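Letters A, B, ... are given to chains in the order of the sequence lines, protein chains preceding strands, and every chain is numbered from 1. The shown structure was predicted, so the numbers you read here are calculated from the model rather than taken from an experiment. Atoms considered below: every heavy atom in the structure, side chains included; atoms not considered: hydrogens, waters and symmetry mates.
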There are 2 protein chains.
Amino acid sequence: MDSQKKYIQLYHSIADRIKKGDFSVGDKLPTEQDFAQEYGFSRQTVRQALSKLEADKIIYKIQGSGSFISDSVLSIKRTMHIAVITTYISTYIFPSILRGIETVATSAGYSILLKATNNSIAKEHSILENISVHDVDGVIVEGTKTALPNPNLSFYRSLADSNVPLVFVNGYYPELLETKRHNILYVVTDDYQGSYDLTSDLIRKGHTSIGGIFKSDDIQGIRRFSGYIDALVNNDIPVDDNHILWFNTETKFGIQQQLSNSCLPKECTAIVCYNDEITLQALESINYQNQTVTALRSFDGTISSQQCSLNFFSLPHPKEALGLLATKKLIHLINGEDEKSAILPWEDN
Amino acid sequence: MDSQKKYIQLYHSIADRIKKGDFSVGDKLPTEQDFAQEYGFSRQTVRQALSKLEADKIIYKIQGSGSFISDSVLSIKRTMHIAVITTYISTYIFPSILRGIETVATSAGYSILLKATNNSIAKEHSILENISVHDVDGVIVEGTKTALPNPNLSFYRSLADSNVPLVFVNGYYPELLETKRHNILYVVTDDYQGSYDLTSDLIRKGHTSIGGIFKSDDIQGIRRFSGYIDALVNNDIPVDDNHILWFNTETKFGIQQQLSNSCLPKECTAIVCYNDEITLQALESINYQNQTVTALRSFDGTISSQQCSLNFFSLPHPKEALGLLATKKLIHLINGEDEKSAILPWEDN
């Protein structure tokens, strides 16, 4: 374990003991030396953890006397703040999801600390490093690059261990959910089934050469790919590797170039596309090149079929409803009630 | 389940019963109607399965009398053939792996049926569809696009169910191994540890800005990425999303273009690269652009450090040794002995 993780872990552990009442307001904390022995960490690590506890006003130091429990600790249990960490904030489906979150949070008296990762694990790291258990009662979070191994999982585990419940929206880390924890849940769309249904619909309409464009670094991309290939295979349509394009967070604005290098637009009559953001790009490329593609299916429902010259349908994302449900579940968890993860069907599907 | 999978499943099930001696040479098989009732499949599915059994000379039909067990069935148990399915055959590290396989197979009296998938699931599908339990005693196979959901797993399950053991090399499908089966094994390199060690070596040499180039559709790519980020994180070096490039089977010859669009060559002093095939491309781009990159680490050991103007090292793949070991294990399985999967260390590491 790196030293950074150690001090954060120690920070949460001590904060947790304070919250549980192991130490009371005004009590003197054990010394650096005591903690170092008890936890088997270096004094430097203990010093870092105590500094963060002091910065977060959980303890205060008196020169020459040691560290004491601050009286602000009385309010640790309920900050009435919820952290909301999404990939993006002001664009695409995110304002609607946030509206749902805000509606429930506000009516329950919570205010929201809003952070965006831009789907960058570096950004996610710095956000998580700066969230203290003193700041928030719970976290709603959209996972970052959930299809890949993630270096920040220890932060999430540490929050959950400190009784800060987490509700993942849209995408979560399968590895984090492998060990079932009562206070880590997810609320996501049914990506596999949505994609299976869209692809099956195209097949029913007579398409047999159906291309796919998917995102490789988010779990939604892998699930949508999985629904697409299963629909093909179950209808005895062979999967053609050359008709499948992959992009990721960093290359998502290069999809037109990929399409122009690919045989997909020349050989397929229909496309299942990861989402409307990518569809808008793909449409320009397809319309411009006047290819054989006549039908397109997409996700999130931000483009109407009138806007599109092709036979088009985009599954509407349950945006606001998803935000509402995730926040209800989070507040239940904060209140110590039992809750379960949910997979939402696509709307009007 | 699609009809294609059903008939293949039925084919293997009946062939298996014949091999086990449920029916003897010259015996009359149950009728189409009998099988349809017993298995709950349509008569058309049964007819397809029986046709394949006939084509494979496991049964023969007498007009008006029914189907009978062929005497060629006596040799089903040992065809002395091993199918070897790799992504590529004549290039890169594959001739050496095949040499290892051939050495062991030949000395044990086996001959080899060689097939290449080109890492295409369409090609893999057609190869697996045409392998009959009558043809081979065992299969050595390199998985195709092992980081993605795969539509061909039912073929592998069906072979294993028919007592045709499988040994995966280089990459396997985690989903297929979830349920432990005694006759599906893998022999792979330690991709996580290799990448962790290469990255740690660069850090020891003073590099703090280390880019990565990884393959997104093979499990080796995900594991090597995982070793790379863990080495960074454990040395307190932040992971920078913009310094990581991803490619896949279909876009692997576009890595130079990706590099020229990326800040990686301008901001990193070192790169961990997926393998030597990609390294050769990356080197051209890096040398040409005269960037800040001074060190490069790669996998497979097909490029010597003398060939490279940078500080360079490529972990040697245990090519022939891996082929030897996989084949030994397969033959043990064919002989009904117990065997275990193996993760090979990189050579000279």
When A/Asn118, A/Val239, A/Ile121 are compared by non-hydrogen pairs under 4.5 Å with chain B, the top option =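 Answer, by heavy-atom pair count under 4.5 Å with chain B: A/Ile121.
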Residue, of A/Lys123, A/Lys145, A/Gln258, that accumulates the most heavy atom pairs under 4.5 Å with chain B =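 Greatest number of close heavy-atom pairs with chain B: A/Lys145.
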Between [X] and chain A, which part of the residue has a heavy atom less than 4.5 Å away: side chain, backbone, both or neither?
X	answer
B/Pro238	neither
B/Asn119	backbone
B/Asn150	backbone
B/Ser126	neither

Check: [Y] and [X] side chains under 4.5 Å, non-hydrogen atoms:
X	Y	answer
A/Ser216	B/Asn248	no
B/Ile229	A/Pro149	yes
B/Trp246	A/Asp217	no

Approximate separation, where rounding is to 0.5 Å, of [X] [atom1] and [Y] [atom2]:
X	Y	atom1	atom2	answer
B/Asp241	A/Thr144	CG	OG1	8.0 Å
B/Asp240	A/Ser120	CG	OG	7.0 Å
A/Asn261	B/Thr251	CG	OG1	10.5 Å
A/Leu264	B/Glu250	CG	CD	11.0 Å

